[in-house]
Amino acid sequence: MITEKIAIISDIHANSWALKEVLKDVKARKADTILNLGDSLYGPLDPKGTFDLLSKNNIKSISGNQDRFIVENAYKTTSIPTLEYVKNCIGNDAIKWLKELPFDLSYNKIYTCHGNPINDSIALLEKNYKNYVSIQTNDEIENTLSEIKEDIIVCGHSHLQKMIQTNKKTIINPGSVGLPAYNDDWPIPHKMESLSPHAKYAILNINSTGINIELIAIEYDYKTAAYIAEKNNREDWAKWIRTGRA
């Protein structure tokens, strides 16, 4: 018998079109709780609409590294057009909400973080090399989680949907709701690719004997999201959204 059904979402990146469809799917599956792992509002898309959806749907959220980036630069002008676009869109209520988001959260024996428990800018599961991405060993993952008492960990940041079982822990990355691929220069130049435009998330069905995990990919109006990215001079985001390739 299922005692609680928990939806895990992450890395929306201001894609309200993707979030809207994910929330419809969550409702259809009758989830009891939604946990959001951060990087919610940063992107050349619809940050205000995304904030409104999150505010209206009783979602428990934590901060991601790019949520923190918005807060750190909220009241100074930068030379980053996408950041300035986001700040101009969202308003003081959203800034206040971002400031109050916790770094991590424990909920019903589940530990949530954006990157890993130590650093929100470093993925828990992936290891970046110049030309490829690999997975950390079980020992490396368990070492990073050595201070975490929960057996179930959910994390985001890499945008890559997967579930990994170590000797001690079950770790789930629900994938990205709104940005299925990206390029990044830190800590070294690398790219993440989910290889499809779908909005990704996960459902955790908790019962008296354990947990059942569903990794979900759903279709949405990604063409509109890509068009808005192009209007805001982010052709790279438009490609990532359309193809899931960087």
Side-chain angles (χ1 to χ4, degrees), residues 2-12 31 33-40 60-68 101-177 179-182 184-195 200-217:
I2 295 174
T3 57
E4 186 168 13
K5 183 176 287 193
I6 302 172
I8 310 294
I9 65 175
S10 189
D11 296 282
I12 304 162
T33 303
I34 305 174
L35 303 180
N36 170 29
L37 308 182
D39 275 9
S40 299
K60 300 179 188 299
S61 297
I62 63 173
S63 177
N65 61 301
Q66 292 200 313
D67 299 316
R68 174 171 54 79
L101 292 177
F103 175 84
D104 55 7
L105 179 72
S106 293
Y107 178 83
N108 196 0
K109 301 180 180 179
I110 297 168
Y111 175 78
T112 74
C113 59
H114 179 71
N116 68 49
I118 302 164
N119 191 320
D120 60 11
S121 295
I122 299 176
L124 174 59
L125 299 179
E126 291 81 10
K127 186 184 295 185
N128 297 324
Y129 296 90
K130 187 173 182 180
N131 296 313
Y132 67 97
V133 176
S134 71
I135 302 300
Q136 306 224 30
T137 66
N138 284 356
D139 287 344
E140 288 173 323
I141 294 168
E142 289 184 355
N143 182 62
T144 303
L145 296 173
S146 61
E147 301 298 319
I148 305 302
K149 65 181 185 299
E150 290 85 356
D151 293 331
I152 300 168
I153 291 89
V154 292
C155 60
H157 187 62
S158 72
H159 298 207
L160 301 183
Q161 188 181 67
K162 59 174 64 74
M163 187 273 284
I164 289 179
Q165 181 77 53
T166 70
N167 294 327
K168 299 177 181 178
K169 306 289 189 183
T170 300
I171 305 103
I172 302 104
N173 186 322
S176 172
V177 169
L179 190 61
Y182 65 88
D184 197 3
D185 292 328
W186 194 91
I188 62 172
H190 65 279
K191 61 184 178 180
M192 297 292 191
E193 300 177 305
S194 70
L195 307 180
K200 313 288 199 315
Y201 81 105
I203 291 277
L204 278 56
N205 297 292
I206 299 175
N207 56 48
S208 58
T209 59
I211 183 169
N212 177 272
I213 300 162
E214 300 176 69
L215 300 179
I216 299 164

Q) Stepwise, does the side chain to side chain contact (heavy atoms under 4.5 Å, CB included) test hold for Ile153 with Leu145? A) CA-CA 9 Å; Ile153 291 89; Leu145 296 173; 4.0 Å; yes

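For the residue pair Asn138 and Thr166, no side-chain donor N or O sits within less than 3.5 Å of a side-chain acceptor on the partner. Between the side chains of Thr33 and Glu4, at least one donor N or O sits under 3.5 Å from an acceptor N or O. Side-chain N/O atoms of Asp120 and His114 include no donor and acceptor closer than 3.5 Å.
Annotation: the span from Ile206 atom CD1 to Lys109 atom NZ amounts to 9.0 Å, rounded to 0.5 Å. Between atom OG of residue Ser121 and atom CG of residue Asp184 there is a gap of 9.0 Å, rounded to the nearest 0.5 Å. His190 NE2 to Tyr182 OH: the interatomic distance, rounded to the nearest 0.5 Å, is 4.5 Å. Remark: Asp11 CG to Asn65 CG distance equals 8.0 Å, nearest 0.5 Å. In this structure, Ile110 CD1 and Glu150 CD are separated by 9.0 Å, a value rounded to the nearest 0.5 Å. Once rounded to the nearest 0.5 Å, the distance linking CG of Leu204 with CD1 of Ile211 reads 3.5 Å.
With Asn173 contributing its side chain and Lys162 its backbone, the two residues share no donor-acceptor pair below 3.5 Å. Between the side chain of His159 and the backbone N or O of Glu193, no donor-acceptor pair lies under 3.5 Å. Side-chain N or O atoms of Asn128 include none that pairs as donor or acceptor with a backbone N or O of Pro189 at under 3.5 Å. Glu126 places no side-chain N or O within donor-acceptor distance of the main-chain N or O of Ser158, the cut-off being under 3.5 Å. The main-chain N or O of Leu125 is never found under 3.5 Å from a side-chain atom of Gln136 such that the two would form a donor-acceptor pair. Lys169 places a side-chain N or O within 3.5 Å of a backbone atom of Ile148 that can act as its donor or acceptor partner. Asp67 places a side-chain N or O within 3.5 Å of a backbone atom of Gly64 that can act as its donor or acceptor partner.
In the displayed structure, Lys168 atom NZ is contacted under 6.0 Å by at most 12 heavy atoms of other residues, nucleotides or ligands. Residue Gln165 places its CD atom among more than 12 non-hydrogen atoms of other residues, nucleotides or ligands, all under 6.0 Å distant.
Here the shortest heavy-atom pairing between Tyr201 and Gln161 reads O-NE2, 3.1 Å. Between Pro117 and Leu124, the shortest heavy-atom distance links the atoms CD-CD1, 4.4 Å. For the pair Ile171 and Cys155, the tightest heavy-atom approach, listed with the atom from each and the gap, is CG2-SG, 3.8 Å. Considering every non-hydrogen atom in both Ile9 and Ile12, the closest pair reads CD1-CD1, 4.1 Å. Lys5 approaches Ile203 most closely through the heavy-atom pair CG-CG2, 3.6 Å. The two residues Asn119 and Phe103 come nearest to each other via the heavy atoms N-CZ, 4.1 Å.
Residues Ile213 and Thr170 form a side-chain contact, since some pair of their non-hydrogen atoms from C-beta on lies under 4.5 Å apart.
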